[in-house]
**Q** 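Pasting in a structure now, in structure tokens, and then I'll have a few things to ask.
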Amino acid sequence: MSTFEDIRYTRQANFDIGTKEVIDFEFDMPKKVYGNCNLSIFIDDYCNADCMFCVAQLRYENRSMIYKKPKIEDDEEYFRRVEEVLERVAPLNVSVSLTGGEPTLSPRFIRVVELLDKYNIRKKTITTNGSALLKMVEGKRVIDYLIDAKFDHLNISKAHYNEAKNRILMPYPCGEAGCTNEALAEIIPYALSKNLRPRLSCLLLKDGIHDLSGMVDYIEFYKKLGIDNIIFRELMDYDERTMINMEKVDYCKYNKVRLNDIWQEVDKDSRFVPEKNILGYYYYVEIYNYKGVTVCSESADLRVQKQEKDSHKDFVYEMVFHPNGNLNGSWVDSEDILLKYNS
């Protein structure tokens, strides 16, 4: 029996920011920063994949907004602003994540990576679809820029181990193959040998991996390629009343897989050994060990995120640096501005 069962079905209702470590910090205004706060650098909204389940788009469309991010046009001014923000938040000792869109495809990606190497950041992570990791940029592969900058974690999205099914779930309109299993067979052991820990991220979908049996098949497939860290995510819950993309609403309704159902099966499967769980302000994670592979499973609710933030407006739960130069406490670049960029 899982040791997580008591908390599992209430999840975010049990989160209490008042019991967490917080840091008083002066942005454009005084705020209290959650001690486990992360800084995400959202490099660009462009992505070469066109996934119906795209979280970056959902965060906007869920708020009745079009997913389109304005940006600082001048490269030198953009990099100056990145450094300005990094120096400003340095006392918080935050972890830093690079994300997008597809961050590795941005012309600014390499220089951002190199800038991060200048700072004593406790943990550096990138989330990517992996399609460009083995590509050469100015005489060096993208993955080697990450390694040379001492990145800690490499999160790669892969919806299915079957290539044909993955191409349907993660289509590339320009005809690219994406991050193939052949590429992963090279990326995974190489990254591990260079102290860059790869993790595969699989979204649970009825059209894809949708039950415990499928999860086991996924784990076993990539375990043979050397992977030792996988996360399975439930489609985020959101407020349907404010959603503007009805095609995505229909897609999410049809493809929704409930982790609550799968967790009941996991409880009965002795191959999954409970390690720990994490209760966040709008997400809940269970972590297991399966034959030496760390297996995470996560559910999240954008409705709960909004309720929590609306109830504690003086708290910063996470920070996002947007292409327009604003540092926000929100994934939406016009909301909860902490450090406003003045051009």
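Values in this document were obtained by computation on a predicted structure and should not be read as measured data.
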**Q** Using side-chain heavy atoms (C-beta onward) and a distance below 4.5 Å, is H210 in contact with N255?
**A** no
**Q** Apply ring-ring contact (aromatic ring centres under 6.0 Å, His included) to F151 and list each qualifying residue two or more places apart in sequence or on a separate chain.
**A** none
**Q** Tell me if the CD atom of E26 is crowded by more than 12 foreign heavy atoms within 6.0 Å.
**A** yes
**Q** How long is the gap from CG on L200 to CG on N155, to the nearest 0.5 Å?
**A** 9.5 Å
**Q** Could you walk me through whether N166 and K158 pass the side chain to side chain contact (heavy atoms under 4.5 Å, CB included) test, one step at a time?
**A** CA-CA 7 Å; N166 193 71; K158 186 76 174 179; 3.6 Å; yes
**Q** With the side chain counted from C-beta on, respond yes when F79 and R108 share a heavy-atom pair under 4.5 Å apart, and no when they do not.
**A** yes
**Q** Compute whether any side-chain donor of one residue and acceptor of the other, for D144 and Y190, lie under 3.5 angstrom apart.
**A** yes
**Q** Could you give me the CA-CA distance, side-chain angles and deciding distance for D239 and K306, then say whether salt bridge (Lys or Arg N to Asp or Glu O under 4.0 Å) is met?
**A** CA-CA 10 Å; D239 190 342; K306 186 175 187 307; over 6 Å; no
**Q** Hey, can you tell me if Y317 and Y281 have their rings parallel, tilted or perpendicular (30° and 60° cut-offs)?
**A** parallel
**Q** Tell me the closest heavy-atom pair linking I227 and I230, and the distance in Å.
**A** CG2-CD1, 3.9 Å
**Q** Is there a side-chain contact between L154 and I156 (heavy atoms, below 4.5 Å)?
**A** yes
**Q** How far apart are the closest heavy atoms of M215 and I262, and which atoms are they?
**A** SD-CG2, 3.7 Å
**Q** Measure from the side-chain N and O atoms of K309 to the backbone N and O of G329, and report whether any donor-acceptor pair falls under 3.5 Å.
**A** yes
**Q** Side chains of D207 and L169, heavy atoms from C-beta outward: is any pair under 4.5 Å?
**A** yes
**Q** Do the side chains of F109 and L39 join up, straight or via other hydrophobic residues, at under 4.5 Å, putting them in one cluster?
**A** yes
**Q** Regarding K276 and E286, does a basic nitrogen lie under 4.0 Å from an acidic carboxylate oxygen?
**A** no
**Q** Given L327, which of V316, L339, L86 fulfils the side-chain contact (heavy atoms from CB on, under 4.5 Å) condition?
**A** L339
**Q** Return yes when atom NZ of K256 has more than 12 non-hydrogen atoms of other residues, nucleotides or ligands closer than 6.0 Å, and no otherwise.
**A** yes
**Q** Using 0.5 Å steps for rounding, measure from the CG atom of L116 to the CG atom of L98.
**A** 5.5 Å
**Q** Report the residues that fulfil salt bridge (Lys or Arg N to Asp or Glu O under 4.0 Å) with E76, sequence neighbours left out, ordered by chain and then residue number.
**A** R111
**Q** Centre of Y283's six-membered ring, under 6.0 Å away, within 45 degrees of the axis: is that where NZ or CZ of R233 sits?
**A** no
**Q** Could you tell me if Y60 and K69 have a donor-acceptor pair between their side chains, going purely by distance under 3.5 Å?
**A** yes
**Q** Run the ring-ring contact (aromatic ring centres under 6.0 Å, His included) test against Y34 and tell me which residues pass, sequence neighbours left out.
**A** none
**Q** Can you confirm if the aromatic rings of F232 and Y218 lie within a centre distance of less than 6.0 Å?
**A** yes
**Q** Ignoring hydrogens and angles, tell me if any N or O in the side chain of K340 forms a donor-acceptor pair with the backbone of G325 under 3.5 Å.
**A** no
**Q** Could you check, using the six-membered ring where one of them is a Trp, whether W263 and Y284 have ring centers closer than 6.0 angstrom?
**A** yes
**Q** Does N48 have any side chain to side chain contact (heavy atoms under 4.5 Å, CB included) partners at least two apart in sequence or in another chain, and if so, which?
**A** Y46, E102, L105, N129, S131, Y172, E176
**Q** If we ignore hydrogens and angles and just use 3.5 Å, is the side chain of N328 paired with the main-chain N or O of D333 as donor and acceptor?
**A** yes
**Q** Could you go through the side-chain hydrogen bond (donor to acceptor under 3.5 Å, both in side chains) check for E87 and Y119 one step at a time?
**A** CA-CA 9 Å; E87 289 173 0; Y119 293 84; 3.2 Å; yes
**Q** Taking C-beta and beyond as the side chain, do L302 and Q305 meet within less than 4.5 Å on heavy atoms?
**A** yes
**Q** Assess, by modelled atom type and distance only, whether the side chains of E220 and Y290 contain a donor and an acceptor separated by less than 3.5 Å.
**A** yes
**Q** With a cut-off of 6.0 Å (strictly less than), are more than 12 heavy atoms of other residues, nucleotides or ligands near CD of E83?
**A** yes
**Q** Please assess E308 against R303 for the test salt bridge (Lys or Arg N to Asp or Glu O under 4.0 Å), listing each intermediate value before the final yes or no.
**A** CA-CA 9 Å; E308 176 71 22; R303 298 167 300 183; over 6 Å; no
**Q** Without hydrogens or angle criteria, can the side chains of E335 and S330 be said to hold a donor-acceptor pair below 3.5 Å?
**A** yes
**Q** For Y222 and Y161, what are the C-alpha separation, side-chain angles and deciding distance, and is it a side chain to side chain contact (heavy atoms under 4.5 Å, CB included)?
**A** CA-CA 8 Å; Y222 288 112; Y161 59 86; 3.6 Å; yes
**Q** State yes or no: do M236 and L205 share one hydrophobic cluster built from I, L, V, M, F, W and Y residues joined by side-chain heavy-atom distances below 4.5 Å, directly or via other members?
**A** no
**Q** Please examine the side chains of I121 and V94, heavy atoms only from C-beta on, and report whether any two atoms are closer than 4.5 Å.
**A** no
**Q** Does K223 NZ have over 12 foreign heavy atoms under 6.0 Å away?
**A** no
**Q** Taking the side chain as everything from C-beta on, heavy atoms only, tell me whether L204 gets closer than 4.5 Å to L235.
**A** no
**Q** Between P189 and L184, what is the shortest heavy-atom contact and its length?
**A** CD-O, 4.0 Å
**Q** Could you check whether any side-chain heavy atom of K140 comes within less than 4.5 Å of a side-chain heavy atom of D148, counting everything from C-beta outward?
**A** yes
**Q** Kindly give the heavy-atom pair with the smallest separation between A159 and I209, and that separation in Å.
**A** O-CG1, 3.7 Å
**Q** Applying the 4.5 Å side-chain criterion to the ILVMFWY set and letting contacts propagate, would V55 and I126 be lumped into a single cluster?
**A** yes
**Q** Hydrophobic clustering (ILVMFWY, side-chain heavy atoms < 4.5 Å, transitive) - are M29 and F25 grouped together?
**A** yes
**Q** How far apart are the C-alpha atoms of K71 and N324, what are their side-chain angles, what is the distance that settles it, and do they pass the side chain to side chain contact (heavy atoms under 4.5 Å, CB included) test?
**A** CA-CA 4 Å; K71 65 180 181 180; N324 67 356; 5.7 Å; no
**Q** Identify the heavy atoms of A56 and G101 that sit nearest to each other, and give their distance.
**A** CB-N, 4.4 Å
**Q** Would you say the side chains of S40 and N38 form a donor-acceptor pair under 3.5 Å?
**A** yes
**Q** Side chain to side chain contact (heavy atoms under 4.5 Å, CB included) for R199 and C296? Distances and angles first, verdict last.
**A** CA-CA 10 Å; R199 176 169 77 169; C296 307; 4.0 Å; yes
**Q** I need the minimum non-hydrogen distance between D50 and P173, along with the two atoms involved.
**A** CB-CG, 3.8 Å
**Q** Give me the ring orientation class for Y288 and F272: parallel if the planes are under 30° apart, tilted from 30 to 60°, perpendicular past 60°.
**A** perpendicular
**Q** Report the C-alpha separation of D24 and K32 in whole Å, then their side-chain angles, then the decisive distance to 0.1 Å, and conclude whether the salt bridge (Lys or Arg N to Asp or Glu O under 4.0 Å) test is met.
**A** CA-CA 5 Å; D24 290 319; K32 296 182 182 297; 3.0 Å; yes
**Q** May I ask you to list the residues sharing a hydrophobic cluster with Y254, side-chain cutoff 4.5 Å, ordered by chain and number?
**A** none
**Q** Output all residues satisfying salt bridge (Lys or Arg N to Asp or Glu O under 4.0 Å) with D269, sequence neighbours left out; order by chain, then residue number.
**A** R271
**Q** D228 side chain to V293 main-chain N or O, any donor-acceptor pair under 3.5 Å?
**A** no
**Q** State yes or no: do I287 and I231 share one hydrophobic cluster built from I, L, V, M, F, W and Y residues joined by side-chain heavy-atom distances below 4.5 Å, directly or via other members?
**A** no
